[in-house]
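Computed from heavy atoms alone, side chains included, the values below leave out hydrogens, waters and symmetry copies.
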Amino acid sequence: MSVTDENTTVVIVGSGVAGLALGNFLLRSGIDCVVLERHSREYVEQRQRAGVIDPRAARMFREWGLEDRVLGGAPFAPVLNFRVDGETRPFRYVTDDHVDGRFCPQQVLVRNLIDVFVSDGGDLRFGAEDVELEDITGPRPRVRYRDSTGATRAITCDFIAGCDGDHGVSRASIPDNVLTRQSHEYGYAWLTVLADAPANHQSMMAIHDRGFAGQFARGPQASRFYLQCPLDTSVQEWTDDRIWDEIEARFGEPVTAKGPITSKTLVPLRSVVHAPMSYGRLYLLGDAAHIVPPMSAKGMNLALHDADVFAAAVLKQVKEQDAGPLEAYSATCLKHVWNYQAYAAWFTDLMHDAGDVSYHGEFRRSLARAEFERLYDSETANRLFGEFLTGLN
């Protein structure tokens, strides 16, 4: 039996960073909402993702009154650690005192956002299967789904926030002739490796003629490593011994403790932007609308920006009957998204082209090396880079 008499202001589809941040912002503003999530709470809270919260996002949580309750991780110093052909080259960038960014794995932020939302009385429903969006161009759209008991339920609302990622139902509900997709493939992948091994450094990125490598601590006894590799490689080719050998070769130093490798995943690097980010009463947030390569550390921060903009726009509409910010939502977010896509593409190309010439050749390698040196030699280049890193550009 369908339950069709539920009503709310906003239905949020998906409980990733964008959906949970949005739910908390709305709840704190007195706007009722329901968050629907296909997976179980355990699955969502254990889903492993990297994460750096830039100073702009940290300030955003502070302005919403959530900083102390949801931000985990230690503040990071304005220094990027590079190893270039085996030589350590720290890079200190200009921040103008915006130094409150955090190393915060995404699953830590997700767990904290769930705890706060639920403890404050938020309506978060796990196990919501077969979600369908209905009448999204009408005045009161409906979201239909099957709950964990197998019953079909429907919620009528004013707005739908599609926060269900690249393969979710939200973007798929927009007609093909409305939506445009622009994308760029970088021509290589990352082998991402999680190991029960203490990190040699809190964070380190290596430029080497065998390819890019990255290392980031995931607590005192675990590390995540990234290795540039061809798109046609397979995880099966990368034995544990080969991985450790390649890490040591690209960093030019031994790994002090080689614990068990607990996961290996191939991630092709790409940039994607879908536009518009709204259609009727449906609004896209996070990966449902855009993807940046992980080199930029901006995917989570762009999702948080979307949530901030959308929550403020809903608040204007509900409290003041001002539809202007909602009407401008897509344009507002896309301007920000494209600015950071440009940064992400530049930094990704620089770090990868400067190493292994088999991907893009000697000319691109020389260009990338020159751009890398400019960061150290030019105060102007340093300042611009710092603006992007801190999320203030």
Near-ring test Phe388/Phe347, centroid separation under 6.0 angstrom: no
Is the Phe225 to Trp244 ring centre distance short of 6.0 Å? yes
Can you confirm whether the side chains of Ser183 and Arg181 place a donor and an acceptor under 3.5 Å from each other? yes
Salt-bridged, Asp166 to Arg171, with N to O below 4.0 Å? yes
How far does CG of Leu231 sit from CG of Leu269, to the nearest 0.5 angstrom? 9.0 Å
Once salt bridge (Lys or Arg N to Asp or Glu O under 4.0 Å) is applied, do any residues pair with Arg92, and if so which ones, sequence neighbours excluded? none
Are Tyr329 and Phe310, when compared by the centres of their aromatic rings, separated by less than 6.0 Å? yes
Do Arg125 and Asp123 sit within salt-bridge range, that is, some charged N less than 4.0 Å from a carboxylate O? yes
So, are Lys298 and Asp54 salt-bridged, with charged N and O less than 4.0 Å apart? yes
Decide, yes or no, whether a salt bridge links Glu371 with Arg364 under the criterion of side-chain N to carboxylate O below 4.0 Å. no
Hey, is Arg153 close enough to Glu6 for a salt bridge, meaning N to O under 4.0 Å? yes
Indicate, with yes or no, if the rings of Phe91 and Phe385 have centres closer together than 6.0 Å. yes
Run the numbers on Tyr279 and Tyr283 for ring-ring contact (aromatic ring centres under 6.0 Å, His included), then give the verdict. CA-CA 7 Å; Tyr279 176 68; Tyr283 298 81; over 10 Å; no
Which word best sums up how the rings of Tyr340 and His336 line up, parallel for under 30°, tilted for 30 to 60°, or perpendicular for over 60°? tilted
Distance-only, no hydrogens or angles: does the Arg281 side chain make a donor-acceptor pair with backbone N or O of Ile136 under 3.5 Å? no
Which residue pairs pass the side-chain hydrogen bond (donor to acceptor under 3.5 Å, both in side chains) test when at least one of the two sits in residues 204-213, sequence neighbours left out? Arg210-Glu246
Charged N-O contact under 4.0 Å between Glu248 and Lys258: yes
Could you tell me whether Arg369 and Asp85 make a salt bridge, using a distance below 4.0 angstrom between a side-chain N and a carboxylate O? yes
Among side-chain atoms of Thr239 and Asp241, is any donor-acceptor pair under 3.5 angstrom? no
Less than 4.0 Å between a side-chain N and a carboxylate O, is that true for Asp135 and Arg142? no
Does the side chain of Arg83 pick up a donor-acceptor pair with the side chain of Thr88 at under 3.5 Å? yes
Among residues at least two apart in sequence or on other chains, which ones pass salt bridge (Lys or Arg N to Asp or Glu O under 4.0 Å) with Asp196? none
If only side-chain N and O atoms count, and only distance matters, is there a donor-acceptor pair under 3.5 Å linking His360 with Asp349? no
Under 3.5 Å donor-acceptor, Asn24 side chain and Leu113 backbone: yes
For the rings on His352 and Tyr188, is their centre-to-centre separation under 6.0 Å? yes
